Protein chains: 2
Amino acid sequence: MKSEKISELTTSRLSVYLRCLNQLAADGERTVSSEGLAKKFHLNSAQIRKDLAYFGEFGVRGVGYYVDELRDHLTKILGLDRPHNLTIVGAGRLGTALADYYRAAQSNFAVAAMFDADPAKIGTLVGKVEVFDIKNFPEIAERYNIDVAVIAVPAEFAPAVLQQITVSGIKAIMNFAPVPLKAPENVKLKTVDLTISLEGLAYFLAQPSPQNGQRR
Amino acid sequence: MKSEKISELTTSRLSVYLRCLNQLAADGERTVSSEGLAKKFHLNSAQIRKDLAYFGEFGVRGVGYYVDELRDHLTKILGLDRPHNLTIVGAGRLGTALADYYRAAQSNFAVAAMFDADPAKIGTLVGKVEVFDIKNFPEIAERYNIDVAVIAVPAEFAPAVLQQITVSGIKAIMNFAPVPLKAPENVKLKTVDLTISLEGLAYFLAQPSPQNGQRR
DNA sequence: ATATGTGAAAACATTCACAGCT
DNA sequence: AGCTGTGAATGTTTTCACATAT
């Protein structure tokens with residue numbers, strides 16, 4: 001157990017471990033070893049032990065980890081022991097798909113509201129979630145106690161949307177707009193760039209090495 | 001110019017640079033320095049020079065990089081100088097949203113076909129793209145000359161879908177199912193896990209440090 | 001016997017700083 | 001004078017290997 005700063009690589013692995021532990025619990029497993037976990041996702045067992053050891057000594061030597069206990073720890077560590085209210089800004093194709101996706105995924109994230117600038121969309125429902133005018137963001141975010149915002153608007157509007165979100169005091173933002181955004185200090189911004197991920201695949205295909213038998 | 005193995009971190013930055021160069025070209029800029037690029041995305045200029053130097057000496061000392069020339073190089077390096085045919089497996093909410101997203105993004109990725117197992121969806125159109133029966137994957141993939149596949153099915157079906165895709169000889173796969181998949185050697189698999197990204201935000205919110213003024 | 005927790009080593013990535021070119 | 005390309009230095013992440021606990 002150390003008090004260093006935890007890297008993002010570690011925390012996203014914790015999410016993966018937790019998902020796996022939920023599965024193991026459902027399967028009725030009582031304990032699991034770091035080696036057992038490691039095999040499930042082609043990962044090094046020392047890495048798992050180290051990731052967990054940042055937060056405490058959860059294991060028992062000679063035995064492994066108790067599934068239920070570790071699951072509770074990770075749930076708490078990841079802040080998933082209490083609900084989060086999500087908003088999705090941008091009620092276009094991607095925004096509505098994300099709303100549906102997050103609504104369907106049973107999780108502690110409730111999609112509480114959506115926003116758009118298009119008058120035709122304002123007032124409509126996506127699933128059971130109302131689309132509000134982006135102009136009223138601060139008021140609605142307050143009313144619904146939003147703590148996480150997802151940006152799903154075209155790149156050109158993203159900086160302005162980010163601005164509106166941050167002035168409302170929201171500290172956690174996920175951005176799907178393909179543009180580099182700079183969030184204020186003490187606001188966590190994660191960008192997922194769907195285009196760049198694809199281009200990484202194109203690069204791979206362009207490499208000479210795997211060209212044997214490759215479809216062109 | 002080295003012949004080392006290029007890291008994925010480098011290649012995704014190349015995508016970012018290319019996007020920026022396209023913008024600069026549209027703005028009529030002739031040259032740009034590594035420092036100029038670096039400022040745009042809060043990045044170190046040495047990193048940019050190093051990333052580029054893996055592939056050649058594209059710059060001119062005392063001047064910088066010629067926008068058009070560097071753009072051409074990066075386009076070629078990333079394999080974006082020729083078209084790619086994309087398929088999306090899973091015509092649910094996420095799959096159709098991704099289809100629309102990639103269709104709209106003007107790029108070298110053409111959405112050529114979609115697949116699903118649900119008889120109600122087979123034969124329908126998403127945009128102008130037909131949904132085929134997943135059973136016919138090999139034949140249709142061949143017909144449309146698919147070289148990149150996107151997995152957008154529920155986690156439980158993802159392993160079987162991966163299997164079907166890889167036996168068809170497709171070498172580049174993007175996975176949105178929240179499950180750890182293992183692709184064969186010489187197949188590139190990228191997973192984007194929308195849930196894990198959110199949980200990283202929850203972890204951040206659960207930390208004591210930024211709790212001043214945070215909405216709960 | 002078995003599996004954790006962790007220093008030490010190795011691998012990998014970023015940044016510095018400057019020689020060298022235009 | 002100005003900016004690249006790159007070795008060297010620094011920082012970060014992963015893996016090894018083993019003492020330590022049950």
Side-chain angles (χ1 to χ4, degrees), chain A residues 1-17 20-21 24 29-71 73-74 77 180 196 200 203, chain B residues 1-17 20-21 24 29-71 73-74 77 180 196 200 203:
Chain A
M1 170 78 152
K2 306 282 189 56
S3 308
E4 306 166 35
K5 207 177 84 262
I6 307 302
S7 99
E8 215 156 294
L9 294 165
T10 294
T11 58
S12 53
R13 280 192 299 264
L14 293 184
S15 286
V16 175
Y17 304 157
C20 185
L21 288 164
L24 287 171
E29 298 290 331
R30 298 287 313 277
T31 65
V32 67
S33 68
S34 60
E35 191 58 41
L37 279 174
K39 278 199 218 104
K40 304 234 180 199
F41 9 78
H42 342 104
L43 222 113
N44 183 293
S45 67
Q47 174 137 79
I48 296 179
R49 294 197 299 277
K50 205 148 243 190
D51 285 340
L52 297 175
Y54 285 125
F55 298 95
E57 306 206 353
F58 303 139
V60 180
R61 290 166 198 230
V63 176
Y65 300 89
Y66 290 103
V67 171
D68 283 347
E69 194 191 311
L70 184 55
R71 187 164 70 132
H73 277 121
L74 290 185
I77 289 165
I196 285 179
Y203 171 77
Chain B
M1 169 78 152
K2 305 282 191 55
S3 308
E4 306 166 36
K5 207 178 82 261
I6 306 302
S7 98
E8 216 156 292
L9 294 166
T10 294
T11 58
S12 53
R13 281 192 300 264
L14 293 184
S15 285
V16 175
Y17 304 157
C20 185
L21 288 164
L24 287 170
E29 298 290 332
R30 298 287 313 276
T31 66
V32 66
S33 69
S34 59
E35 191 58 41
L37 278 173
K39 278 199 217 103
K40 304 235 180 199
F41 9 78
H42 342 103
L43 223 113
N44 183 293
S45 66
Q47 174 136 81
I48 295 178
R49 292 198 298 278
K50 205 149 245 195
D51 285 340
L52 297 176
Y54 284 123
F55 299 95
E57 306 207 353
F58 302 139
V60 181
R61 290 162 199 232
V63 176
Y65 300 89
Y66 289 104
V67 171
D68 283 347
E69 193 191 312
L70 184 54
R71 188 164 69 132
H73 277 122
L74 290 185
I77 289 166
I196 285 179
Y203 171 77

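Just so it is clear, the model here is predicted, and its values are computed rather than measured. Reminder, nothing fancy here: chain letters follow the sequence lines and each chain counts from 1.
- Annotation for B:Y66: atom OH does not count as buried by contact number, only 12 or fewer foreign heavy atoms lying within 6.0 Å.
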Please step through side chain to side chain contact (heavy atoms under 4.5 Å, CB included) for the pair B:F41 and B:C20, ending with a clear verdict. CA-CA 9 Å; B:F41 9 78; B:C20 185; 3.8 Å; yes
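- For the pair B:D51 CG and D:dT4 C1', the interatomic distance rounds to 14 Å; values are reported in whole Å.
- B:T10 comes within 4.0 angstrom of no nucleic acid atom, judged by non-hydrogen atoms across all strands.
- Within 3.5 Å, a donor on the side chain of A:R61 pairs with an acceptor on the base of C:dT4, or the reverse.
- The nearest heavy atom of DNA chain D to A:S7 and to A:G62 marks one nucleotide each, and the one closer to the 5' end goes with A:S7.
- Along DNA chain C, the nucleotide nearest to A:G64 and the one nearest to A:K50 differ in position, and the one closer to the 5' end is contacted by A:G64.
- Sequence order on DNA chain C of the closest nucleotides to A:A46 and A:V63 puts A:V63 first from the 5' end.
- For the contact set between residues 30-43 of chain B and DNA chain D, defined by any heavy atom under 4.0 Å, the members are B:S33, B:S34.
- With hydrogens and angles ignored, the 3.5 Å screen pairs no side-chain donor or acceptor of B:H42 with any backbone N or O of B:A38.
- What you find for B:I77 and A:Y203 is that their closest heavy atoms are O-CD1, 3.3 Å.
- The rotation axes computed at either terminus of the helix from C:dA1-D:dT22 to C:dT22-D:dA1 lie 0° apart, taking five pairs at each end and rounding to 10 degrees.
- The shortest heavy-atom contact between B:K40 and B:L24 is NZ-CD2, 3.7 Å.
- Within the 4.0 angstrom heavy-atom criterion, only backbone atoms of the sugar-phosphate kind lie near B:L9; the bases stay farther away.
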